[in-house]
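Comments concern the structure below.
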2 protein chains.
Amino acid sequence: MAEKDCKQDEKRYKERVMAIKDAIELLGGKWKFCILFNLYDSGTMRFKDLQKNSVGITPKVLSNELQELEENLMITRTVNNTKPVTVSYKLTEHAKEVEPVINALINFGLKHRDKIQGK
Amino acid sequence: MAEKDCKQDEKRYKERVMAIKDAIELLGGKWKFCILFNLYDSGTMRFKDLQKNSVGITPKVLSNELQELEENLMITRTVNNTKPVTVSYKLTEHAKEVEPVINALINFGLKHRDKIQGK
DNA sequence: CAGTATCCAAAGGGATACTG
DNA sequence: CAGTATCCCTTTGGATACTG
């Protein structure tokens with residue numbers, strides 16, 4: 001019985017390690033959290049605005065990231081019937097699950113900066 | 001006045017984008033969250049155990065990650081007076097601030113897996 | 001505006017073998 | 001046990017220029 005408990009614990013443990021790995025595979029890299037934060041904060045954004053707000057990203061890289069996010073069903077891409085053409089990006093419902101991660105990340109980042117500067 | 005508000009908003013906004021970037025610079029890559037989760041969960045761990053629990057990491061890579069985490073004051077490394085020598089790693093107080101991030105990440109990872117499998 | 005094309009450097013990360 | 005040493009490949013991401 002104790003052994004069974006142990007194995008169940010181990011199973012739960014591995015599940016969580018795998019969950020982390022899954023999440024990182026989806027959200028990893030230098031820019032994805034930043035992009036998702038922008039969308040989370042503003043609702044809908046266009047390519048240019050995302051580029052401006054992400055501070056430093058080039059169009060090629062932004063384009064890549066957006067495609068990956070779209071493939072993973074984290075954002076939707078809508079072409080607007082304007083002239084010239086504009087494109088809107090927004091989060092899917094599913095992507096809203098990352099909000100807690102982003103908030104936690106911001107929190108950590110702010111505290112960490114204080115820590116470093118406080119020295 | 002409205003303009004001032006706007007600029008303050010923008011300042012707060014950029015601060016948060018920077019916080020995300022800082023956090024990612026520290027915690028980015030394929031393995032760091034996984035390692036920190038292990039330590040967060042177990043308190044103290046040795047090199048070998050970290051390697052085993054991180055499923056797939058090679059000693060070279062683990063060694064790198066641990067050094068980076070130590071430099072950034074996220075973990076401490078202690079050489080134990082045993083024979084043969086063992087080494088213990090544990091989180092610093094400061095690193096405990098990442099707990100919410102890790103939990104949020106796990107949560108997202110689990111939900112995402114459900115979503116994908118549910119199709 | 002919203003990208004794509006091309007080129008390229010650097011970093012990340014893995015395999016394998018070895019050491020104190 | 002706790003790493004280091006080598007080698008090497010792939011991915012990431014940046015610069016720059018161009019297009020519908």
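Naming convention: chains lettered A, B, ... in sequence-line order (proteins, then strands); numbering from 1 in each chain.
In this model, the phosphate group of C/dG3 is approached by a side-chain N or O of A/Y89 to a distance below 4.0 Å at OP1 or OP2. A close approach under 4.0 Å does not occur between any side-chain nitrogen or oxygen of B/Q67 and OP1 or OP2 of D/dA2. For B/S63, a side-chain nitrogen or oxygen approaches OP1 or OP2 of D/dT4 to under 4.0 Å. Between A/R77 and C/dG3 there is a side-chain polar atom (N or O) within less than 4.0 angstrom of OP1 or OP2.
Atom CD of A/Q51 and atom C1' of C/dA2 are 10 Å apart (whole Å). A straight line from CH2 of A/W31 to C1' of D/dG13 spans 9 Å, rounded to a whole angstrom. One atom, NZ of A/K48, and another, P of C/dT4, lie 16 Å apart when rounded to the nearest Å. Between A/I75 atom CD1 and C/dA2 atom C1' the separation is 14 Å, expressed in whole Å. Distance A/E70 CD to C/dA2 P: 15 Å, rounded to the nearest Å. Separating the CE atom of A/M45 from the P atom of C/dG3 is a distance of 13 Å, rounded to the nearest angstrom. A straight line from CG of B/L62 to C1' of D/dA2 spans 10 Å, rounded to a whole angstrom.
Although no hydrogens or angles enter the test, the distance criterion places a donor-acceptor pair under 3.5 Å between the side chain of A/T92 and the main chain of A/L73. Using modelled atom types, no side-chain atom of A/K32 and backbone atom of A/E68 make a donor-acceptor pair closer than 3.5 Å. Of the possible donor and acceptor atoms, none in the side chain of A/K30 sits under 3.5 Å from a partner among the backbone N and O of B/G28. Looking only at distances, no side-chain donor or acceptor of A/S42 sits under 3.5 Å from a matching main-chain atom of A/T44. Of the possible polar contacts, none joining the A/K21 side chain to the B/G109 backbone as a donor-acceptor pair under 3.5 Å is found.
The nucleotide D/dT19 finds its pairing partner in C/dA2, both defining distances of the Watson-Crick or G-U wobble pair being shorter than 3.5 Å. Judged by Watson-Crick or G-U wobble contacts below 3.5 Å, the nucleotide C/dG12 has D/dC9 as its partner.
Annotation: of the two residues near DNA chain D, A/V85 and A/G56, the 5′-most nearest-nucleotide partner is A/G56. Place A/N64 and B/D49 on DNA chain D by their nearest nucleotides, and B/D49 ends up nearer the 5' end.
In this structure, B/H112 and B/F108 have parallel ring planes: the angle between them is below the 30° cut-off, well short of the 60° mark.
Salt bridge B/K111/A/E97: present, at least one basic N to carboxylate O contact under 4.0 Å. Under a 4.0 Å N-O distance rule, the pair B/R12/B/E15 does not qualify as a salt bridge.
Heavy atoms of A/E65 sit under 4.0 angstrom from primed sugar atoms or phosphate atoms, though from no base atom.
Using a 4.0 Å cutoff on non-hydrogen atoms, the parts of residues 22-30 of chain B near DNA chain C are B/G29, B/K30, ordered by number.
Looking at the side chain of A/K60, the nearest of the listed nucleotides C/dG14, C/dA2, D/dG13 is D/dG13. Nearest nucleotide to the B/F47 side chain, out of D/dG14, D/dA2, C/dG14: D/dA2.
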